[in-house]
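Structure, as structure tokens:
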Amino acid sequence: MKYLKEQQNDYKTLSDLVKALEANEITDFFIDDNNIIGETYIAEAVLLFTYALNTLDIIPDNQAREKHVLMGDYYFSEFYFALSQGGHMDIVYDMVTISKDLASKKSDIYANTRMIDEHELKYLLFAPLFYLIDNGYVSSTLYQVIDKYYKSLDKTALTYITNIKGED
């Protein structure tokens, strides 16, 4: 599948978008085709969905708010477009269900300033990626990759952890 690159005459694939994401252990995992068991575009689309969710969990600087929200929306739209074009509305439905569960849990944590443990935070951050592992789309070595990434992650930037609002 090809995607029109903004303001250019050439095309971008989902793989190009994944390669353009922040370089880290997780994106490196998805760039390596040996880690993908199922359809590559499904794994890449769910990765973009995960990035969209996690992008919107971080409050940006005032100057970057609009770009920040648009980037999350862009990742969501690429996810939906890729899977709808491929006829995988079942996966879209599963991700929407996961997203609703995550939003509910994050709201509860935020509203009640509830402390959470490492296991719960990993679920909140990576549930869509766990779905890929559990459903045989990617290698289970992603668990170790997530563990490594998690250790270096700045958890204080997450709104539901720091209990701050994106208002002035």
Under the rule for salt bridge (Lys or Arg N to Asp or Glu O under 4.0 Å), what residues qualify as partners of [X], not counting sequence neighbours?
{"X": "E25", "result": "none"}
{"X": "E118", "result": "K122"}
{"X": "D28", "result": "none"}
{"X": "D73", "result": "none"}

query = By side chain to side chain contact (heavy atoms under 4.5 Å, CB included), which residues pair with S107, not counting sequence neighbours?
reply =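 Partners of S107 under the side chain to side chain contact (heavy atoms under 4.5 Å, CB included) test: none.
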task = Could I get the full list of side chain to side chain contact (heavy atoms under 4.5 Å, CB included) partners for D90, not counting sequence neighbours?
result =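 If we apply the side chain to side chain contact (heavy atoms under 4.5 Å, CB included) test to D90, skipping adjacent residues, the hits are H88.
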request  = Could you list the residues that satisfy ring-ring contact (aromatic ring centres under 6.0 Å, His included) with Y137, not counting sequence neighbours?
outcome  =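 Residues passing ring-ring contact (aromatic ring centres under 6.0 Å, His included) with Y137: none at all.
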message = Do I37 and Y143 land in one hydrophobic cluster if side-chain heavy atoms of ILVMFWY residues count as linked below 4.5 Å?
response =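 No, separate clusters.
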Enter the distance from [X]:[atom1] to [Y]:[atom2] here, rounded to the nearest 0.5 Å.
{"X": "S140", "Y": "N35", "atom1": "OG", "atom2": "CG", "value": "10.0 Å"}
{"X": "E78", "Y": "L83", "atom1": "CD", "atom2": "CG", "value": "11.0 Å"}
{"X": "L129", "Y": "D134", "atom1": "CG", "atom2": "CG", "value": "11.0 Å"}

ask   = Going through the checks in order, is the side chain to side chain contact (heavy atoms under 4.5 Å, CB included) test met by L17 and Y75?
value = CA-CA 9 Å; L17 292 174; Y75 292 151; over 6 Å; no
ask   = Considering residues at least two apart in sequence or located in another chain, which fulfil the side chain to side chain donor-acceptor pair (under 3.5 Å) criterion with D117?
value =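 By the side chain to side chain donor-acceptor pair (under 3.5 Å) rule, D117 matches no residue at all.
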query = Mind checking what makes side chain to side chain donor-acceptor pair (under 3.5 Å) contact with Y80, not counting sequence neighbours?
reply =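 None.
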Pair up each side-chain donor or acceptor in residues 46-58 with any protein partner under 3.5 Å, not counting sequence neighbours, and list the distances.
residue: T50; atom: OG1; partner: V46; partner atom: O; Å: 2.9
residue: Y51; atom: OH; partner: N24; partner atom: ND2; Å: 2.9
residue: N54; atom: ND2; partner: L125; partner atom: O; Å: 3.0
residue: T55; atom: OG1; partner: Y51; partner atom: O; Å: 2.6
residue: D57; atom: OD1; partner: K106; partner atom: NZ; Å: 3.4
residue: D57; atom: OD2; partner: K106; partner atom: NZ; Å: 2.5

inquiry  = Could you check whether atom CD of E22 has more than 12 heavy atoms from other residues, nucleotides or ligands sitting under 6.0 Å from it?
reply    =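 Atom CD in E22 is packed in, count exceeds 12.
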message = Run the side chain to side chain contact (heavy atoms under 4.5 Å, CB included) test on L124 and I109 for me, step by step, so that the C-alpha distance in whole Å, both residues' side-chain angles and the decisive distance to 0.1 Å come before the verdict.
response = CA-CA 11 Å; L124 294 173; I109 292 164; 3.4 Å; yes
Could you list the donor-acceptor pairs under 3.5 angstrom formed between side-chain atoms of residues 96-103 and any protein atom two or more places apart in sequence or on another chain?
residue: T97; atom: OG1; partner: Y93; partner atom: O; Å: 2.9
residue: D101; atom: OD2; partner: Y123; partner atom: OH; Å: 2.6

query = Any side-chain heavy atom of F30 within less than 4.5 Å of one from T40?
reply =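 Counting from C-beta outward, F30 and T40 never come under 4.5 Å.
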query = Are I26 and F126 side-chain neighbours, meaning at least one heavy-atom pair lies under 4.5 Å?
reply =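 Answer yes - side chains close enough.
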Minimum-distance pair of heavy atoms, taken over all atoms of G38 and I36 =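 Reported closest heavy-atom pair: O-CG2, 3.4 Å.
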Stepwise side chain to side chain contact (heavy atoms under 4.5 Å, CB included) test for L142 and I146 = CA-CA 6 Å; L142 182 55; I146 288 171; 3.9 Å; yes
ask   = Got a sec, which pairs hit salt bridge (Lys or Arg N to Asp or Glu O under 4.0 Å) with one end in residues 30-52, sequence neighbours left out?
value =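 Qualifying pairs, neighbours excluded: none.
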request  = Evaluate side chain to side chain contact (heavy atoms under 4.5 Å, CB included) for V138 paired with F29, printing each intermediate quantity in order.
outcome  = CA-CA 9 Å; V138 299; F29 175 90; 3.9 Å; yes
